[in-house]
J.: 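Take a look at the following structure, please.
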Amino acid sequence: MSSNLIIVESPAKAKTIEKFLGKDYKVKSSFGHIRNLVKKNFGIDIDNNYKPKYEVLADKREIVAELRDEVKNSTSILLASDEDREGEAIAWHLWEVLKLNKKNTKRIVFNEITKPAIKKAVANPRNINLDLVNSQQARRVLDRLVGFKLSAVLWKKVKSKLSAGRVQSVAVKLLVEREREIIDFKPVSSYKITAIFEAVDINGDVKKIETELSKRFDNEQEAVDFINKTGKSLHTVKSIVKKPAKKSPSPPFTTSSLQQEASRKLNFPVLKTMRVAQKLYEAGKITYMRTDSVNLSETSQKNIKEEILKEFGNKYYKKRNYKTKVKGAQEAHEAIRPTYIKNKSAGKDNDERRLYELIRNRTIASQMSNAEFERTVIKINISNNELYYSVVGEVLIFDGFLRVYSYAGGERKTVFLPKLKVGQKVDLEQIDAIEKFTKHQPRYTEASLVRKLEELGIGRPSTYAPTISTIQNRGYVIKENREGQEREYIHIKYNNVKIKKYKKKEIFGAEKSKLFPTDVAMVVTDFLSDNFNNIMNYNFTADVEKEFDDIADGKLVWYEMIDKFYKDFHTKVEDTIKNADRNTGERILGKDSKTGKQIMVRIGKYGPIVQLGVPEDKDKPIFASISKEYHIETINLKEALGVLNNSSNGRLLGKDPKTGREIYVRFARYGAVVQIGKAGDKEKPKFASLLKGMKIDKITLEEALELLKLPRDVGMYESKKVVVAIGRYGPYIRHDSKFTSLKKEDNPLTVSLERAIILIEQKREKDRKNIIKEFKEDETVKIIKDRWGRTCIVQNKKYYNIKDIKNPEKLTLKKCLALIEKMSGGTNNKKPTRKKKK
DNA sequence: CAGTGAGCGAGCTTCCGCTTGACTT
């Protein structure tokens with residue numbers, strides 16, 4: 001009989017540990033936090049030393065009940081949540097909720113999941129550290145107060161349903177500040193001078209070298225003057241300097257650096273990286289993927305060493321210990337590494353295999369020797385000018401860690417230079433002066449924003465990906481591509497005889513999967529910065545973290561720290577609600593020359609709008625949504641007029657030849673639509689979303705008419721209608737009340753019945769493969785593999801997960817119905833009960 | 001999914017961190 005209970009945070013961890021400890025120990029998981037602050041009144045009794053009021057999370061009730069049973073059957077309980085602030089708090093919440101007592105309950109910690117480490121932890125139990133728990137409570141209470149109070153201010157002063165918080169508001173501010181820098185950026189051009197020389201090397205062979213001048217010129221005239229002055233000058237080798245250079249590997253992965261590299265090398269968004277890593281973790285292939293530690297355990301370092309020696313030899317090995325430089329790191333885990341470094345490949349699909357390989361290579365590289373280069377700089381003298389040309393050659397002498405891992409910036413180019421002598425004459429063959437423009441700072445990607453937040457010590461590994469999602473879901477940020485623009489630049493060529501000038505074109509400023517702040521983000525950031533500058537300060541988190549540390553060290557009482565913060569904060573909140581103007585980013589652009597009415601832009605109830613006229617006008621004002629191509633801050637009167645003409649009632653495309661009703665195209669709440677008729681018409685207007693790539697100001701009447709034909713009957717199949725339409729998730733086929741998505745290459749306006757049937761059959765084939773068992777007696781019940789590969793019973797479109805059942809193909813109908821009965825009861829209880837209101 | 005936008009007001013929204021399910025067209 002097992003009589004010892006160990007509770008950890010993660011079920012995957014529980015499984016591993018149970019194997020190490022034998023049958024006297026049962027290892028269970030709490031699945032993270034089990035309690036949270038209630039929502040009512042902030043869940044905090046502000047007048048009573050900020051006493052928190054907790055409730056068991058709705059989806060943890062079952063787990064808590066289960067743990068309660070286990071506790072009853074155990075003689076000793078070991079709380080083994082992570083060794084950090086949050087982990088200590090989880091242990092304490094378990095203690096409180098499970099009504100544990102000092103007699104049989106201890107706290108243990110380990111940061112390596114190996115048999116000796118766990119045995120050692122079990123042998124050295126301690127008590128819960130209440131100071132550490134209190135520092136977590138302070139963190140939690142502060143975040144709740146800041147988050148809920150600030151959000152409520154925004155609802156009143158900007159727009160309903162907005163949100164603000166210690167982490168997200170700063171993340172948005174980073175994007176807004178960068179965007180403004182970019183908007184204000186004025187590219188400056190200069191002239192880069194390059195020259196090609198012919199030189200006789202020490203073997204007597206003639207070689208070419210491409211060099212660059214030590215200075216760029218501010219304008220075309222200076223560049224031309226320089227060429228005129230030095231085109232016929234004597235050029236000689238001024239110096240040749242050789243220097244060894246080296247490059248060290250990067251530390252093994254943390255959550256943040258894994259997200260960077262998966263984004264850069266595999267093109268994964270951060271959420272995908274975490275999802276794929278989670279799969280590898282659950283399968284036991286990698287260590288925990290939410291960590292800020294770059295530490296490798298002794299054991300794993302030993303294994304990595306063996307692997308390197310075996311695969312590459314002694315020359316490639318170098319023992320390295322890494323230290324985190326990140327502010328506020330808590331290091332409850334190891335770095336992310338393969339559990340068994342010997343496994344060269346792991347994972348069930350391509351994404352998992354690629355991510356595993358990336359993790360493995362990075363881990364191995366982190367214990368390998370430096371890459372070594374030889375760098376040579378040759379400088380060329382100009383007889384009648386103090387400027388000089390130079391060229392850098394680089395040759396890889398020893399690849400070291402580069403054998404398995406290329407570092408940021410991609411492959412280093414090998415440049416060989418001819419062997420020359422100092423003082424020798426070289427012959428000028430060609431000079432090019434090319435106009436170059438300065439570039440603005442890059443926009444953030446998901447991954448680079450995470451890196452910046454980590455650098456500032458804001459947010460935690462478990463929240464980086466969710467934070468990036470939140471700011472997108474709240475409408476503060478959109479991730480998108482932007483096409484580049486064309487511009488002209490000047491290229492002056494001198495071929496040792498005469499100068500020629502060319503005008504050339506280049507594309508610049510193209511963006512791929514970048515984060516763009518919306519108008520709402522700009523208005524909210526300004527509002528919060530004006531009124532709550534301390535919280536918007538990039539150092540706010542780092543400063544409060546210092547105080548949390550003091551609480552953990554027993555040097556500060558947590559509610560006194562909160563009180564000191566809250567007194568000022570609360571006053572400021574009240575003051576802002578009372579005195580601050582509504583901030584909707586309102587900007588008056590000018591007057592409409594036709595009607596004489598005022599035109600302005602601002603944030604409306606549903607997003608940015610242009611407004612013609614003010615409410616006091618007799619005639620109602622006209623409103624028009626602003627598309628993402630324009631910004632409230634930069635749109636001008638002419639563009640606003642364009643938006644008004646294109647919207648409100650929409651841009652009139654023409655009349656429907658069939659019905660004679662007018663057809664408009666405009667922006668609606670969820671994107672661009674074409675519309676037949678108006679709201680006031682007797683006949684109701686009909687709408688159709690625009691296809692991807694269609695632009696409101698480009699679409700023609702013909703295209704609009706085509707769109708309005710959707711949903712489109714394409715014919716009959718098996719005596720049932722086949723209908724094509726565009727839905728929330730893109731174009732689809734509906735047949736026999738089943739949905740099939742169209743492929744990228746299919747056009748819903750033209751797709752044929754034949755093609756539709758092929759797609760329907762493909763879908764059926766795929767579904768058929770997933771059917772495990774059907775019942776003749778009752779065709780509504782099936783056992784299938786669902787979209788995510790889990791075994792389920794399905795009845796009336798409801799799915800009942802039975803992944804824990806072995807041999808599902810042997811289930812009888814009776815048994816299935818019993819399972820459905822049981823589970824529908826279970827799932828209904830799980831859902832949080834909602835108050836019904838009339 | 002839906003075709004709004006003033007202002008009024010009811011009733012809603014919202015935070016950060018720790019975990020994994022559940023999930024639909």
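Model, not experiment: these values are computed from the prediction. Letters go in sequence order (proteins before strands), and every chain restarts at 1.
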J.: Determine whether a donor-acceptor pair (one donor, one acceptor, N or O, separation below 3.5 Å) exists between the side chain of A/Arg460 and the base of B/dC16.
T.: no
J.: Report yes or no: is the cationic atom of A/Lys173 (NZ for Lys, CZ for Arg) closer than 6.0 Å to the six-membered ring centre of A/Tyr538, at no more than 45° off its axis?
T.: yes
J.: Check whether any side-chain heavy atom of A/Arg61 lies under 4.5 Å from a side-chain heavy atom of A/Val64, and answer yes or no.
T.: no
J.: Pick the nucleotide of DNA chain B nearest each of A/Trp155 and A/Ile34; which residue has the one closer to the 5' end?
T.: A/Trp155
J.: Could you check how far CE of A/Met274 sits from C1' of B/dT20, rounded to whole Å?
T.: 13 Å
J.: Counting any heavy atom closer than 4.0 Å, what does A/Gly87 reach on the DNA or RNA strands: base, sugar-phosphate only, or nothing?
T.: nothing
J.: Take atom CD of A/Gln611 and atom C1' of B/dG7, then tell me their distance rounded to the nearest Å.
T.: 13 Å
J.: For A/Tyr288, report the nucleic acid contact type (base, sugar-phosphate, nothing); a contact means any heavy atom under 4.0 Å.
T.: sugar-phosphate
J.: How is A/Val146 classified with respect to the nucleic acid when contacts are heavy atoms under 4.0 Å: base, sugar-phosphate, or nothing?
T.: nothing
J.: Please classify the nucleic acid contact of A/Gly32 as base, sugar-phosphate, or nothing, using heavy-atom distances under 4.0 Å.
T.: base
J.: Find the distance A/Gln168:CD to B/dC16:C1' and express it as a whole number of Å.
T.: 9 Å
J.: Heavy atom of residues 463-470 of chain A under 4.0 Å from DNA chain B: which residues?
T.: A/Thr463, A/Thr470
J.: Which nucleotide, B/dT20, B/dC15, B/dG5, lies nearest any side-chain atom of A/Arg474?
T.: B/dC15
J.: Without decimals, in angstroms, what is the distance between A/Glu62 CD and B/dA22 C1'?
T.: 13 Å
J.: Would you say the base of B/dC16 and the side-chain of A/Arg139 have a donor-acceptor pair closer than 3.5 Å?
T.: yes
